Amino acid sequence: MEAVAKLNNCPTSPRKMRLVVDLIRGERVEKALHILKFTNKDAAERVEKLLLSAINNWEQKNSGSRPEESQLVVKSIMVGGGRQLKRLRPAPQGRGYRIRKRSNHVTIVEDSINVESKTN
């Protein structure tokens, strides 16, 4: 049984978040946590927290079984653009340059390897 966790309106640009997310797509959960722990990006902390939330959601759905024994895998992880805050920065000769402060939405789905092998 799969578990889902979502992070909405994270104040990081989607492009920067995708760099971190691409590192853990398709990896086992234990390995993904180690990768995120040693990744030197600000977005890695947020994705690590989201991954731990997904693990806890899986534990709530599958009471009685442990995540270590069931070999959880990051089945899919997606980053979409969130809302943009539009600000103006003063520029020369009375002009104003627009600044777009981007945010993103991250959705992570994890599943057990045992379940995938039985269905195939």
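Keep in mind that this is a model prediction, so the values were computed, not measured.
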* **In one Ile/Leu/Val/Met/Phe/Trp/Tyr side-chain cluster, 4.5 Å: Val106, Val4** => no
* Does Leu7 share a hydrophobic cluster with Val21, counting links as ILVMFWY side-chain heavy atoms below 4.5 Å and allowing steps through other members? -> yes
* Structure fact -> When every non-hydrogen atom of Arg18 is compared with those of Val79, the smallest separation belongs to NH2-O, 3.2 Å
* Report yes or no: does Ser112 contribute a side-chain atom to a donor-acceptor pair with the main-chain N or O of Ser70 at less than 3.5 Å? =>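 Between the backbone of Ser70 and the side chain of Ser112 there is a qualifying donor-acceptor contact (under 3.5 Å).
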Donor-acceptor pairs under 3.5 Å, side chain of residues 82-97 to any protein atom, not counting sequence neighbours: which ones?
from: Gln93; atom 1: OE1; to: Arg95; atom 2: NH1; distance (Å): 3.3
from: Gln93; atom 1: OE1; to: Arg95; atom 2: NH2; distance (Å): 3.4

* Verify the neighbour count for atom CZ of Arg25: are there more than 12 heavy atoms of other residues, nucleotides or ligands below 6.0 Å? => yes
* Using a cut-off of 6.0 Å, state whether more than 12 heavy atoms not belonging to Glu45 lie near its atom CD. =>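 Open.
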* Hydrophobic side-chain clustering at under 4.5 Å (ILVMFWY, transitive links): who's grouped with Met78? Put none if nobody. => none
* Asked: To the nearest 0.5 Å, how far apart are NE2 in His105 and SG in Cys10?
  -> 10.5 Å
* To do: Begin with the C-alpha distance, continue with both residues' side-chain angles, and end with the deciding distance and a verdict on side chain to side chain contact (heavy atoms under 4.5 Å, CB included) for Glu110 and Ile55.
  => CA-CA 8 Å; Glu110 62 184 30; Ile55 293 170; 3.7 Å; yes
N/O donor-acceptor pairs under 3.5 Å from side chains in residues 58-67, not counting sequence neighbours:
from: Trp58; atom 1: NE1; to: Met1; atom 2: O; distance (Å): 2.9
from: Lys61; atom 1: NZ; to: Glu2; atom 2: O; distance (Å): 3.0
from: Asn62; atom 1: ND2; to: Trp58; atom 2: O; distance (Å): 3.3
from: Ser65; atom 1: OG; to: Asn62; atom 2: O; distance (Å): 3.1
from: Arg66; atom 1: NE; to: Glu68; atom 2: OE1; distance (Å): 3.2
from: Arg66; atom 1: NH2; to: Glu68; atom 2: OE1; distance (Å): 3.2

* Would you say Leu36 and Ile24 make side-chain contact, with heavy atoms under 4.5 Å? ->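 Answer yes - side chains close enough.
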